[in-house]
Amino acid sequence: ARVRQLQNHADCAVPHRRKARLLSLQPTCLVSRITHSTFEIAEFDFYINLKKPTLGLYVRKGAGLPDLVDTSQWQFDGHVWQSELTPDILKGLEANGHAFQELGA
């Protein structure tokens with residue numbers, strides 16, 4: 001009820017300072033803040049080499065494997081979030097659009 005009252009007052013013709021104060025008293029939603037900001041967590045596709053299963057390849061989500069001549073030796077193995085990757089892998093992804101990783105090393 002208090003929030004609705006503040007919203008109603010915020011829409012009224014009141015001096016700018018008072019309106020800003022009333023709006024600042026409204027509760028804010030963290031999810032709303034995050035989704036409306038430029039902060040974004042990237043997601044990547046992960047592929048395994050079928051001939052050498054200890055070799056993985058990361059590419060931007062949905063990019064596919066356009067740079068590889070023979071894509072038949074790679075199998076999609078799922079999605080990976082940016083927060084799950086090491087800084088070295090992220091640098092390779094940023095620089096080249098893809099990054100290889102020797103798994104288990």
Side-chain angles (χ1 to χ4, degrees):
R2 177 74 177 140
V3 171
R4 187 177 307 275
Q5 182 183 16
L6 288 173
Q7 287 173 338
N8 291 340
H9 285 296
D11 293 334
C12 297
V14 293
H16 179 70
R17 284 186 184 160
R18 184 165 177 233
K19 186 173 183 177
R21 183 175 172 280
L22 288 172
L23 289 173
S24 71
L25 294 175
Q26 293 183 24
T28 56
C29 175
L30 181 59
V31 173
S32 176
R33 276 190 187 171
I34 290 173
T35 57
H36 289 91
S37 70
T38 57
F39 177 71
E40 218 175 278
I41 297 178
E43 190 175 359
F44 301 94
D45 291 340
F46 179 67
Y47 292 85
I48 293 281
N49 188 302
L50 296 174
K51 292 182 180 178
K52 187 178 178 188
T54 59
L55 184 61
L57 171 64
Y58 299 95
V59 296
R60 294 217 176 268
K61 183 178 179 184
L65 302 171
D67 297 339
L68 298 177
V69 175
D70 185 12
T71 59
S72 65
Q73 53 183 293
W74 294 94
Q75 179 179 331
F76 177 74
D77 196 51
H79 301 286
V80 180
W81 293 104
Q82 177 180 345
S83 59
E84 299 176 74
L85 299 175
T86 64
D88 291 338
I89 296 292
L90 290 172
K91 285 178 189 173
L93 281 161
E94 191 172 316
N96 307 315
H98 65 272
F100 293 95
Q101 182 180 24
E102 189 67 38
L103 306 173

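The hydrophobic clustering, which links ILVMFWY residues whose side-chain heavy atoms are closer than 4.5 Å, places Phe76 and Leu85 apart. By the rule that hydrophobic residues join a cluster once side-chain heavy atoms approach within less than 4.5 Å of another member, Phe46 and Leu68 end up as members of separate clusters.
In this structure, the side chain to side chain donor-acceptor pair (under 3.5 Å) partners of Asp70, at least two apart in sequence or on a different chain, are Ser72, Gln73. Scanning for side chain to side chain donor-acceptor pair (under 3.5 Å) contacts around Thr54 gives Glu102, with sequence neighbours left out. Under the side chain to side chain donor-acceptor pair (under 3.5 Å) criterion, Glu43 pairs with Lys61, sequence neighbours left out. The side chain to side chain donor-acceptor pair (under 3.5 Å) test applied to Tyr47 returns no partner, not counting sequence neighbours.
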For residues 89-97, which side-chain donor-acceptor pairs fall under 3.5 Å, sequence neighbours excluded?
none

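Test Val59, Leu65, Val80 against Asp45 for side chain to side chain contact (heavy atoms under 4.5 Å, CB included) and you get one pass: Val59. Under the side chain to side chain contact (heavy atoms under 4.5 Å, CB included) rule, Lys52 has a single partner from Ile48, Asn49, Leu50, which is Asn49.
Here salt bridge (Lys or Arg N to Asp or Glu O under 4.0 Å) pairs that include residues 79-90, with residues two or more places apart or in two chains, number zero.
Closest heavy-atom contact between Phe44 and Arg60: CE2-NH1, 3.3 Å.
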